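Notes follow the structure.
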Protein chains: 2
Amino acid sequence: MVKNENTSTENVKNLLVEKGVKPSFQRISVLKYLLRENNHPSVDTIYKNLVPYIPTLSRTTVYNTLKLLSEKEVISTLTINDTDLRYDFINEPHDHFQCKTCNAIFDVKVGVDISGLKSIDGHQIQEIQLHMKGVCRQCLKEKN
Amino acid sequence: MVKNENTSTENVKNLLVEKGVKPSFQRISVLKYLLRENNHPSVDTIYKNLVPYIPTLSRTTVYNTLKLLSEKEVISTLTINDTDLRYDFINEPHDHFQCKTCNAIFDVKVGVDISGLKSIDGHQIQEIQLHMKGVCRQCLKEKN
DNA sequence: TCTAAATTTGTAACTATTACAGATTTATAG
DNA sequence: CTATAAATCTGTAATAGTTACAAATTTAGA
């Protein structure tokens with residue numbers, strides 16, 4: 001449903017440079033993984049998937065990179081999962097659904113769009129996250 | 001904005017019994033704290049506020065109680081904060097705003113009400129949380 | 001090529017949470 | 001009013017995610 005980015009090294013490098021991030025090999029790798037998998041991964045998932053290809057990679061680098069990309073508003077930090085943080089590339093506004101059975105997180109879009117809301121009760125809004133939890137389509141099917 | 005519950009011991013005890021929870025002194029104390037403060041506290045906040053009055057209280061008991069109350073749908077677990085879980089009494093549907101400056105969490109209500117949404121993309125919805133982050137009214141004022 | 005700055009790495013420390021077994025309290029039966 | 005079983009509470013140890021930090025490496029600039 002959410003369109004795929006071009007995940008070529010060249011394009012990922014450009015994305016970083018546009019946002020003012022120096023495109024090191026590690027940073028390109030992390031962002032490329034996020035774009036390609038589009039799977040709301042944890043730090044651990046990213047690390048374990050990249051380390052076979054970058055044997056010297058450190059977990060700390062993954063943490064540092066995600067923190068930097070988050071500050072530069074290239075990615076957003078999802079607090080939907082209760083044990084670890086998840087990360088998502090910022091493109092068109094969308095919401096998230098997490099399955100309580102298999103823990104997978106899905107991109108969804110509810111009809112109403114409140115992404116334009118700038119303040120509420122005098123508080124200035126900078127980020128909005130709409131989280132839903134329940135049982136996903138696949139797990140519902142398997143229960144029968 | 002969200003109305004206060006009656007926080008008398010009698011009423012809190014009844015709330016627990018109605019939900020099928022045996023009303024021990026510790027459980028009454030924890031739920032009473034949640035109702036009275038209405039402040040989306042962490043386990044640590046609850047523990048530190050209660051232990052002066054219940055010197056034998058254990059952190060584990062606070063964890064156990066919150067888990068139980070959550071399973072019995074007396075309270076909900078908020079994943080809005082990125083370092084620890086927060087807890088909230090379940091009453092009328094409302095949303096949450098967290099200030100990135102002072103970290104306080106406020107109850108808010110956006111115009112649209114999607115609390116009746118039961119499924120999306122074939123996934124069965126059981127819980128919905130709408131989180132907003134930014135700078136709260138007080139912190140905005142103090143910046144001038 | 002030399003030097004300074006930025007980035008990456010690995011370890012140690014820290015914090016939230018869970019596991020678990022023993023102690024205490026509460027409920028039940030005689 | 002006991003004796004016994006069940007439920008609850010407690011404290012410690014273990015686990016997991018994250019951060020702090022200094023040393024090593026890489027990159028950029030003179």
Side-chain angles (χ1 to χ4, degrees), chain A residues 9 12-13 16-17 19-33 40-72 74-88 98 103 105, chain B residues 12-13 16-17 19-33 40-72 74-87 98 103 105:
Chain A
T9 300
V12 174
K13 194 183 283 192
L16 289 171
V17 173
K19 296 286 189 169
V21 177
K22 203 177 289 185
S24 72
F25 180 63
Q26 287 85 340
R27 289 167 181 175
I28 292 171
S29 303
V30 168
L31 182 53
K32 196 187 273 197
Y33 179 84
H40 322 95
S42 65
V43 164
D44 207 57
T45 300
I46 297 172
Y47 173 77
K48 286 193 170 128
N49 277 279
L50 293 183
V51 77
Y53 304 101
I54 316 170
T56 61
L57 184 66
S58 164
R59 247 177 250 274
T60 301
T61 299
V62 180
Y63 276 103
N64 289 343
T65 299
L66 292 168
K67 192 181 178 199
L68 179 65
L69 294 184
S70 193
E71 284 164 3
K72 298 293 187 174
V74 180
I75 65 174
S76 62
T77 303
L78 303 185
T79 53
I80 191 171
N81 196 42
D82 56 1
T83 55
D84 51 23
L85 294 173
R86 301 307 185 86
Y87 298 90
D88 200 18
Q98 181 174 41
N103 282 314
I105 296 172
Chain B
V12 174
K13 194 184 283 192
L16 289 171
V17 173
K19 296 286 188 169
V21 177
K22 203 177 289 182
S24 72
F25 181 64
Q26 287 86 342
R27 289 168 180 174
I28 292 171
S29 302
V30 168
L31 182 53
K32 196 187 271 197
Y33 178 85
H40 322 95
S42 64
V43 164
D44 207 56
T45 299
I46 297 171
Y47 174 77
K48 287 193 171 128
N49 277 279
L50 293 184
V51 78
Y53 304 102
I54 315 170
T56 60
L57 185 65
S58 164
R59 262 191 181 78
T60 301
T61 299
V62 180
Y63 276 103
N64 289 343
T65 299
L66 293 168
K67 191 181 179 201
L68 179 65
L69 295 183
S70 194
E71 284 164 3
K72 300 291 188 174
V74 180
I75 65 174
S76 62
T77 303
L78 303 184
T79 53
I80 190 172
N81 197 42
D82 55 3
T83 54
D84 52 23
L85 294 173
R86 301 307 185 87
Y87 298 90
Q98 181 173 43
N103 281 316
I105 296 173

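A quick note: this is a predicted structure, and the numbers were derived from the prediction, not measured. Chain letters run A, B, ... following the sequence lines, proteins first, then strands; residues in each count from 1.
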Review item, nucleotides 23-26 of chain D N/O atoms under 3.5 Å of protein N/O:
none

Under 3.5 Å donor-acceptor pairs involving side-chain atoms of residues 75-83 of chain A, not counting sequence neighbours:
from: A/Thr77; atom 1: OG1; to: A/Ser70; atom 2: OG; distance (Å): 3.2
from: A/Thr79; atom 1: OG1; to: B/Thr79; atom 2: O; distance (Å): 2.9
from: A/Asn81; atom 1: OD1; to: A/Gln98; atom 2: NE2; distance (Å): 2.9
from: A/Asn81; atom 1: ND2; to: A/Thr83; atom 2: OG1; distance (Å): 3.1
from: A/Asn81; atom 1: ND2; to: A/Asp84; atom 2: OD1; distance (Å): 2.8

side-chain contact (heavy atoms from CB on, under 4.5 Å) involving [X] - partner list, sequence neighbours excluded:
X       : value
B/Ser24 : B/Gln26, B/Arg27
A/Val17 : A/Pro23
B/Phe25 : B/Ser29, B/Ile54

What's the shortest heavy-atom distance between [X] and [Y], and which atoms?
X       : Y       : result
B/Pro52 : B/Asn49 : CD-O, 3.5 Å
A/Leu57 : A/Tyr47 : O-CE1, 3.5 Å
A/Lys19 : A/Lys72 : O-CD, 3.7 Å

ask   = What are the 5'-most and 3'-most nucleotides of DNA chain C lying under 4.0 Å from any heavy atom of chain A?
value =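 It runs C/dA6 to C/dT11.
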
key: Whichever of B/Asp82 and B/Ser24 has its nearest DNA chain D nucleotide further upstream toward 5'   = B/Ser24

key: Residue met sooner reading DNA chain D from 5', once A/Asn64 and A/Leu85 are mapped to nucleotides   = A/Leu85

Would you kindly give the [atom1]-to-[atom2] distance between [X] and [N], to the nearest whole Å?
X       : N      : atom1 : atom2 : answer
A/Leu66 : D/dT19 : CG    : P     : 10 Å
B/Ile28 : D/dT8  : CD1   : P     : 13 Å
B/Leu69 : D/dC9  : CG    : P     : 11 Å
A/Leu16 : D/dT27 : CG    : C1'   : 16 Å

How long is the straight-line distance from [atom2] of [Y] back to [atom1] of [X], given to the nearest 0.5 Å?
X       : Y       : atom1 : atom2 : value
B/Thr45 : B/Arg86 : OG1   : CZ    : 6.0 Å
B/Ile46 : B/Thr65 : CD1   : OG1   : 9.0 Å
B/Tyr33 : B/Leu50 : OH    : CG    : 7.5 Å

Net bend of the helix from C/dT1-D/dA30 to C/dG30-D/dC1, end axes of five pairs each, nearest 10 degrees = 20°

Polar atoms only, N or O, under 3.5 Å: list the protein pairs with nucleotides 28-30 of chain D and their distances.
none

Contact residues, residues 41-62 of chain A to DNA chain C [heavy atom, < 4.0 Å] = A/Thr56, A/Leu57, A/Ser58, A/Thr60, A/Thr61

query = Under the salt bridge (Lys or Arg N to Asp or Glu O under 4.0 Å) rule, what pairs show up with a residue in residues 41-70 of chain A, not counting sequence neighbours?
reply =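 The answer is A/Asp44-A/Lys48, A/Asp44-A/Arg59.
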
key: Under the side chain to side chain donor-acceptor pair (under 3.5 Å) test, residues paired with A/Lys32 that sit two or more places apart   = A/Thr9

ask   = In chain order, what residues pass the side chain to side chain donor-acceptor pair (under 3.5 Å) check against A/Thr61, with sequence neighbours excluded?
value = none

inquiry  = Is A/Tyr63 close enough to D/dT18 that one of its side-chain N or O atoms is under 4.0 Å from OP1 or OP2 there?
reply    = yes

